[in-house]
Amino acid sequence: MNSRHQQLIELLNTATGPLTAASLADRLHVSSRSIISYIAAINRELPGSIRSSHYGYQLDSRQGSHLMLTAALDETPQNAEERLSALLVDLLLRHSQGTDIARFVEKTCISLESIRKDNALLRSRLKNLPVTLTRQQDKLILTGDEAELRQLLSHALHAKYPGKLTLIQLQQIFPARDPDALQLRLEQIFRQHGFLLNDCLWPELLLDLLITSSRIQAGFSLPESQDDSRPSAPDLIESSSRIFQPQRKDRLLSPAEYQAWGQLLSAYLIPADFADQSYDGLIRQLPAATRQTLQQLFQALPSALPFLECTDRFRCRFALNLSSLCQRQLLGRQTNNPQSSGIKQASPFAFLCTDTIIRLLSQETQLQFSTDDTAYMAVHVALQLQSQTAPGGEPVDCALLIPPYFDYDQDLRRRLTYFFGNDLHLLADIPHERGLTVVLDARLVISTVPLPADFPIDWVETDPLLSESVRINIRRHIQKQQQQRRQQCLRNFLEAAGSLSSRLMEQIQSAGLTAVHHIGLLPLSLRKNGRSRLQVQIPVRPFLYHGQRIDLLMALHLDSREWETVQYNLDQLIRCLQPASSRRQIKQAQTWQEFTAIACACLK
C-alpha cells in the first residue's frame, strides 16, 4: 500500500459522507481514473474495504479502522523521495546507534546500489545544514546541531506521512509512549492554567513533544543558550514539562530545554478566555514584534481590502492565529492543515483575499507562508465576510393561493412556514383565483386548486395536509427556481464583467498563483475606477504549478463596491467547474459567449 493509497484512505476516513471519484481526484491532484485504480488495488488487498454507490465511495464501517491501521503500518517506500524520507527518519530515530544498511535494504526492498545513491543524494541535500552524515563500517550515522536534527526529523515525518498525522501514526513512530494519554493529560494541564489548543494542531504539538522526549531520553540535549529571558506562563511550563518523564519528581528539563518547551507552547496555545477579551487587552499579551506586525497590517488593510470590516472580534482571533503562526515559523515548524483544500473549496474569493493579506505579512516579516498557513488565516476572513452579508439562503419569491376552508387554511400556512420559511419569500397571499393577476412578479405559486397548464408562472399543487409527497414536490420546485436564479445571476455577471485573455500566463512567474480545483487564480487587484473585471485564459494544454495541475487561469480586478456580487459569482463559477467533466467542456469554448453558456449549464 503506497502513500497515495494512504492519503486516499485518510480522506475517506475523515469524510462525513461518500466522496465521488472527481472530488477525490481534485484533492489528491490526480485523475479520476487513477482514483478508481487506487480503490481497486486497496480492495484487492483488503476485499470490501471501500464501498461504492451512486453517491460515491466510502470506507466500510466494519473494516474502516482495520484499514486505517494497515495503512499506518505500511512503511514500504515507493520511490526515491519516499526512500529519502524513510532513511532520514530511521537515522534520526535511531540516534547515535545509526542505521544498519543491510537492515534498511531488506526493510525497503531495494538494492545496495540504490542505498548508495540515496546516501549520496541525502548528503548533497544536507550540505548547507549544520549536520554531518557519515558511514562507519556497515552503518550510517547523522550528527550535528541538536535543534536542526529535531527540525529535520519533524519535516521528514511530515514528508513520510503526507497530510494530517494521526494518533495511530504517532503511536507507530514512538511505540514507547501513548499519544492519546499524552493528549488527555496535556488538555487537563492546559485547562487548569487557562489555555486551550485548537483541535487541528494537536498532532503537531504531540509530534514536537515526542521528538523532544525521545531525543532527551537518548542522551541528546540542546546546548545552553545565552538568552536568559524568563518565559511567560512559567507555572504552565513547569507542570507540562513533567510529562516528558512522569516518574521523576525533580525538574527533568535543562534550562535550554525548559526555555525551548516554553517557546513551543507559546506557538500553539491561546488563552481560554480569548472570546471575552478586547483586542487592545489581548495584544498587550503578545510579543513586541508581533504587536508591531499587527499594527502595520491593520493600517494597510483598509487600502488592500477596503470592504473587509476589521471588527474587534475579527482582530482578536486574527491576531492570536497570526501570533501562533509567526512563532511556529520562527521555530522552523512546518504547518500541515488537513482542511486546506476544503477551505479553498468553501470560498475561493475569501482565500484570494487572504492571499493578499499573506503577501503583506511576507513583506513585513520576511517569512515565507505556505498554502496551509494561508488556509488557517482564511477561516477568519471568510467568516468575517460572511458576517457582513445578509443571512439566509436564496429565498424564492412566492405567492399562495389558498381559498378559505373553515380555518384549516391558516393551519396550512403555518405548516408551509414551518417547512419552507427560509426558502420562500411571500409576495402575496391570495384567497381567490381572480387575484392571480397581481402575482406576476412571483417565481412560484403554491395552490390548493389546480391552475391552467399554460399558466405563465411555475406552480405546484398542495393538499390541505401538506403531505410528505407534496413537500418533496415543493422542495423540487424551489430547487429548480434557485438553480435558474443562480444561472441567471452568473450569466449576468459573466456577460457584464468577463472576457477571454491570452496574456495571463505571462504574469505567473512574477505574481504567482493560488490553485483551486485545478484553476489558477492570479493575485487579487483592486480597481479604483470602473466596474470589476474577470479575465480567463484557457491554456492550450494543462501545466503543473508546484505539483498541481492547472487547467484554467483567472485574474480578478475588483471594484470593492461590488465585492458581494463578485464573491457570490466567483465562488459559484469555480464550484461549477470543480468536476473534471465540466472543465473538459469549458476548454472547448472558443468565445466568451460560449464560455458563459457552458459555465451556466454546468451550474447545478
Side-chain angles (χ1 to χ4, degrees), residues 1-7 9 41 45-46 66-127 129-146 148-163 165-179 203 206-221 334:
M1 192 176 294
N2 61 36
S3 62
R4 287 293 193 190
H5 295 169
Q6 294 176 23
Q7 293 176 57
I9 292 166
E45 186 173 341
L46 292 167
H66 174 63
L67 188 59
M68 284 297 298
L69 182 60
T70 302
L73 295 176
D74 193 332
E75 294 186 342
T76 307
Q78 303 295 311
N79 51 49
E81 286 298 324
E82 291 183 10
R83 286 202 307 274
L84 284 183
S85 296
L87 178 58
L88 195 53
V89 168
D90 198 86
L91 283 164
L92 291 164
L93 287 178
R94 294 186 178 278
H95 314 300
S96 58
Q97 302 172 15
T99 293
D100 185 283
I101 295 175
R103 180 193 59 79
F104 187 80
V105 164
E106 181 180 358
K107 177 182 176 182
T108 55
C109 304
I110 59 174
S111 64
L112 287 172
E113 178 63 18
S114 293
I115 192 65
R116 185 188 67 78
K117 292 179 180 179
D118 291 346
N119 181 24
L121 181 57
L122 187 56
R123 284 176 188 272
S124 68
R125 293 192 179 182
L126 298 176
K127 65 181 180 181
L129 299 177
V131 297
T132 304
L133 178 61
T134 57
R135 178 167 180 171
Q136 298 179 7
Q137 297 180 345
D138 58 349
K139 289 187 176 181
L140 294 174
I141 298 177
L142 187 62
T143 57
D145 180 78
E146 180 60 22
E148 192 66 45
L149 290 173
R150 295 181 189 184
Q151 187 173 322
L152 268 176
L153 179 54
S154 176
H155 288 188
L157 287 169
H158 280 119
K160 185 177 180 181
Y161 300 98
L165 279 166
T166 65
L167 293 181
I168 292 176
Q169 290 165 338
L170 290 175
Q171 178 72 77
Q172 176 203 0
I173 299 165
F174 303 97
R177 302 301 297 268
D178 183 351
L206 289 173
L207 176 63
D208 284 321
L209 185 152
L210 291 167
I211 288 174
T212 300
S213 178
S214 68
R215 296 292 295 180
I216 290 174
Q217 290 179 15
F220 297 94
S221 294
Q334 184 173 339

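Treat the numbers as computed from the prediction; the structure is a model and nothing was measured.
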Roughly how far apart are [X] [atom1] and [Y] [atom2], rounded to 0.5 Å?
X	Y	atom1	atom2	answer
R123	L142	CZ	CG	10.0 Å
L153	E148	CG	CD	12.0 Å
N119	F104	CG	CZ	10.5 Å
T132	L126	OG1	CG	9.0 Å
L133	L140	CG	CG	5.5 Å

Where is the tightest heavy-atom contact between [X] and [Y], given as atom of each residue plus distance?
X	Y	value
S85	A156	CB-O, 4.0 Å
P179	L206	O-CD1, 4.0 Å
L149	T143	CD1-C, 4.1 Å
S214	F174	OG-CE2, 3.8 Å
G98	I141	CA-CG1, 3.8 Å
R83	I110	CD-CG2, 3.4 Å

Report task. Please say which of V131, I211, L157, L152 ends up in a side-chain contact (heavy atoms from CB on, under 4.5 Å) with L92. Result ->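 Testing L92 for a side-chain contact (heavy atoms from CB on, under 4.5 Å) against V131, I211, L157, L152 leaves exactly one candidate, L152.
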
Query - Side-chain touch L112/I101, heavy atoms, less than 4.5 angstrom - result: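 Yes; the side chains approach each other to less than 4.5 Å.
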
Query raised in the report: Quick one: are L210 and L170 in side-chain contact, heavy atoms under 4.5 Å?
Result: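 When only atoms from C-beta onward are counted, L170 and L210 do touch, with a gap below 4.5 Å.
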
Query raised in the report: Which salt bridge (charged side-chain N to carboxylate O under 4.0 Å, His left out) pairs, counting each pair once, include a residue from residues 137-146, with sequence neighbours left out?
Result: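 Salt bridge (charged side-chain N to carboxylate O under 4.0 Å, His left out) check on residues 137-146 returns E146-R150, E146-R215.
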
Query raised in the report: In terms of side-chain geometry, is the basic nitrogen of E106 or R103 positioned less than 4.0 Å from the acidic oxygen of its partner?
Result: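 No, no charged N to carboxylate O under 4.0 Å.
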
Query raised in the report: Is there a donor-acceptor pair closer than 3.5 Å between any side-chain N or O of R135 and the backbone N or O of Q137?
Result: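 Yes: the side chain of R135 pairs with the backbone of Q137.
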
Query raised in the report: Are S213 and R177 linked by a side-chain donor-acceptor pair shorter than 3.5 Å?
Result: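 Yes, a side-chain donor-acceptor pair sits under 3.5 Å.
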
